[in-house]
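Input: a single structure, listed below in C-alpha cells.
Values below: all heavy atoms of this structure, side chains included; hydrogens, waters and symmetry mates excluded. Source: prediction; values computed, not measured. In what follows, chains carry the letters A, B, and so on, assigned in the order in which the sequence lines appear, proteins first and then strands, with residues in each chain numbered from 1.
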2 protein chains.
Amino acid sequence: MAEARPHSSMAPQRFLDAAARLFARDGFHAISMRDIARELGVTPGAIYAHYPSKMRILAAVYEEGVRRVASAVDAALASAQDPWVQLERASAAHLGEILDRDSGYASVVIRVLPADAPELAEEMTELRDQYEARFRTLIAALPLPPETDRTLFRMTLFGALNWTPVWTRSGQKAPEDIARAIIAMLRPAEVTPVDA
Amino acid sequence: MAEARPHSSMAPQRFLDAAARLFARDGFHAISMRDIARELGVTPGAIYAHYPSKMRILAAVYEEGVRRVASAVDAALASAQDPWVQLERASAAHLGEILDRDSGYASVVIRVLPADAPELAEEMTELRDQYEARFRTLIAALPLPPETDRTLFRMTLFGALNWTPVWTRSGQKAPEDIARAIIAMLRPAEVTPVDA
DNA sequence: TTCATAAATGAACGTTCGTTCATTTCTAGA
DNA sequence: TCTAGAAATGAACGAACGTTCATTTATGAA
C-alpha cells in the first residue's frame with residue numbers, strides 16, 4: 001500500500017471537472033469563480049489553493065480536453081483498417097467525447113475559441129493543431145477525386161462534427177450512428193484511379 | 001426634401017453596427033457597454049437613449065442578422081434553377097453574410113447561442129427556425145438516395161458552413177468558391193430514381 | 001496523542017459591470 | 001433669432017467580478 005507519490009493529491013481534479021462542465025455549458029466568460037466554487041459547495045478562495053487564476057483553470061481544462069479526445073481517437077484507430085472505416089471510427093470517437101455533457105472537457109476545446117483567451121491563444125492553437133494532425137493523416141490516405149481540396153474536406157468534416165452539440169439533444173442519437181451518416185454523405189460513390 | 005418620418009432618426013443604427021461587430025468578434029459576454037460606447041467615441045450613458053438594456057441590443061442585432069442573411073438567401077434564390085444549383089447559391093449567400101467581418105450581424109446569429117441569453121432563447125430559436133425553413137424546403141427538393149436523413153443532411157451542411165469563420169482568414173477565399181466545394185462534397189454522384 | 005501540513009474559510013481589496021439621472025450641448029423648424 | 005426636443009455628458013449607484021490573505025479546520029504520519 002505504498003502510494004508514495006510525493007505531491008499530487010487527487011483534490012484538484014474535482015475543481016477541473018466542475019470548471020469543465022460549466023465552461024462547456026455556458027462558456028468561459030459566462031462562468032465566474034464563484035459559480036465553480038458553488039458547484040462544489042466550497043468558498044471561492046478554496047480554488048486558489050490549487051490553481052493560480054481562472055485563465056490557468058481554462059488552460060488545464062483545455063489541455064485535458066485535447067488529451068481525452070486525442071486518446072479516444074487513437075484508441076479507435078488501434079486496429080488498422082480501410083481508410084474510410086478508420087475515418088468513421090475516428091469521427092465517432094471525436095463525437096463521443098464532445099457530446100459527453102457530463103464531462104465537458106472535450107466540449108470546451110471546440111466551444112472556447114482562442115479569441116476568448118488571448119493570452120492562451122498560442123497554447124490552444126498548438127494543442128489543436130497536434131490533435132487535428134491525426135485527421136490530416138487520415139484524410140491524406142483517402143482515395144478521393146484528384147480535384148478534392150483535402151484541407152477543405154477536413155474543415156467540412158470538423159464543421160459537421162463540431163456543430164452537433166448545437167442541434168442534438170443529449171443522448172438522443174448514438175455518436176456512432178451520427179458519424180456513420182456524416183461520413184456516408186462525404187464519401188464519393190467511387191473513385192477510379194487515374195491509369196498509370 | 002420631405003424627410004418627414006415622425007420619429008426614427010438614423011442614429012440608433014450606429015450603435016447596433018458597433019455592437020454587432022464587437023459581439024461577432026469577441027462574443028456577447030466578453031463585450032461591455034463601455035466597449036460599445038468607446039468604439040463610437042461616446043459615453044456609456046448615450047446608448048441608453050436608444051436601447052433600454054444590453055440584452056435588447058443583442059435582440060436587435062440578432063433580429064437584424066437573421067433579416068440580412070435571410071434576404072441574401074432569398075435574393076440568391078430569385079431565379080428558379082436546378083435544386084443543387086439553388087442550394088449552392090443559397091449556401092454562398094449564407095457564407096457571404098457570416099464571413100463579412102465588417103458587418104458582424106449574421107456572425108452574431110451563429111456565434112451567440114440561445115444559452116448565452118436565456119431570456120432571449122425563445123425569440124432567437126424562433127427566428128432561426130424561420131430562417132432555416134428555407135434550407136429545409138431546398139433540401140426536400142433534392143434528389144437524394146432514399147436512405148438519406150435530410151435533417152442530418154441539413155445539419156451537416158450548416159455545420160460545414162458555420163464552421164468556416166473559425167478557420168478562414170478574412171477575405172482569403174470567395175464565399176462562392178467555398179460553397180461550391182462544400183456542395184460538391186455533399187453531392188452524391190448520381191441518384192437513379194426508383195422505378196415505378 | 002502530538003504535530004506539521006494541506007485545505008478551506010470568511011472577509012476584504014480594487015476593479016469593472018450594467019444602469020440611472022440631473023444637467024448640458026446640439027440641432028432643426030418656426 | 002428663439003426655442004423645443006433629442007442626444008450626449010459625467011458622475012454616480014449597487015452588484016458582481018477575480019483575487020488575496022490571515023486564520024481556522026481537517027488529516028495522516030510519528
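Atom CZ in B:Phe15 sits roughly 15 Å away from atom P in C:dG18 (whole-Å rounding). Between the P atom of D:dA8 and the CD atom of B:Glu39 lies a distance of 16 Å, rounded to the nearest Å. For the pair B:Ile36 CD1 and C:dT19 P, the computed distance is 10 Å after rounding to whole Å. C:dT19 atom C1' lies 14 Å from atom CE of B:Met55, rounded to whole Å. For the pair B:Leu40 CG and D:dT9 P, the computed distance is 10 Å after rounding to whole Å. Rounding to whole angstrom units, CZ of residue B:Arg56 and P of C:dT19 are separated by 12 Å. Distance, B:Leu22 CG to C:dG18 P: 12 Å, rounded to whole Å. With rounding to whole Å, B:His29 atom NE2 is found 14 Å from D:dA16 atom C1'.
The side chain of B:His50 lies closest to D:dA8, out of C:dT19, D:dA8, D:dT9. Comparing C:dT19, D:dT19, D:dA8 by their closest approach to the side chain of B:Ala46 singles out D:dA8.
One side chain, A:Ser32 or A:Asp35, offers a donor N or O that lies under 3.5 Å from an acceptor on the other. When only modelled atom types and interatomic distance are considered, A:Tyr105 and A:Asp100 share no side-chain donor-acceptor pair under 3.5 Å. Checking B:Asp17 against B:Gln13 by side-chain atom types alone, a donor-acceptor pair falls below 3.5 Å. Inspection of the A:His94 and A:Asn162 side chains reveals an N or O donor paired with an N or O acceptor under 3.5 Å.
Between A:Ile47 and B:Ser53, the residue anchored nearer the 5' end of DNA chain C, judged by the nucleotide with its closest heavy atom, is A:Ile47. Mapping A:Phe28 and B:Gly41 onto DNA chain D via the closest heavy atom, the residue that lands nearer the 5' end is B:Gly41.
The heavy-atom pair separating A:Arg56 from A:Leu120 by the smallest distance is NH1-CD1, 4.0 Å. Between B:Leu186 and B:Phe153 the shortest heavy-atom distance is O-CE1, 3.7 Å.
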Every protein N/O lying under 3.5 Å from an N/O of nucleotides 15-17 of chain C:
residue : atom : partner : partner atom : Å
C:dC17  : OP1  : B:Ser32 : OG           : 3.4

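In this structure, A:Tyr51 has its ring center at least 6.0 angstrom away from the ring center of A:Phe15.
Dashed line: the shortest gap from a side-chain N or O of A:Tyr48 to OP1 or OP2 of D:dT20 is not under 4.0 Å.
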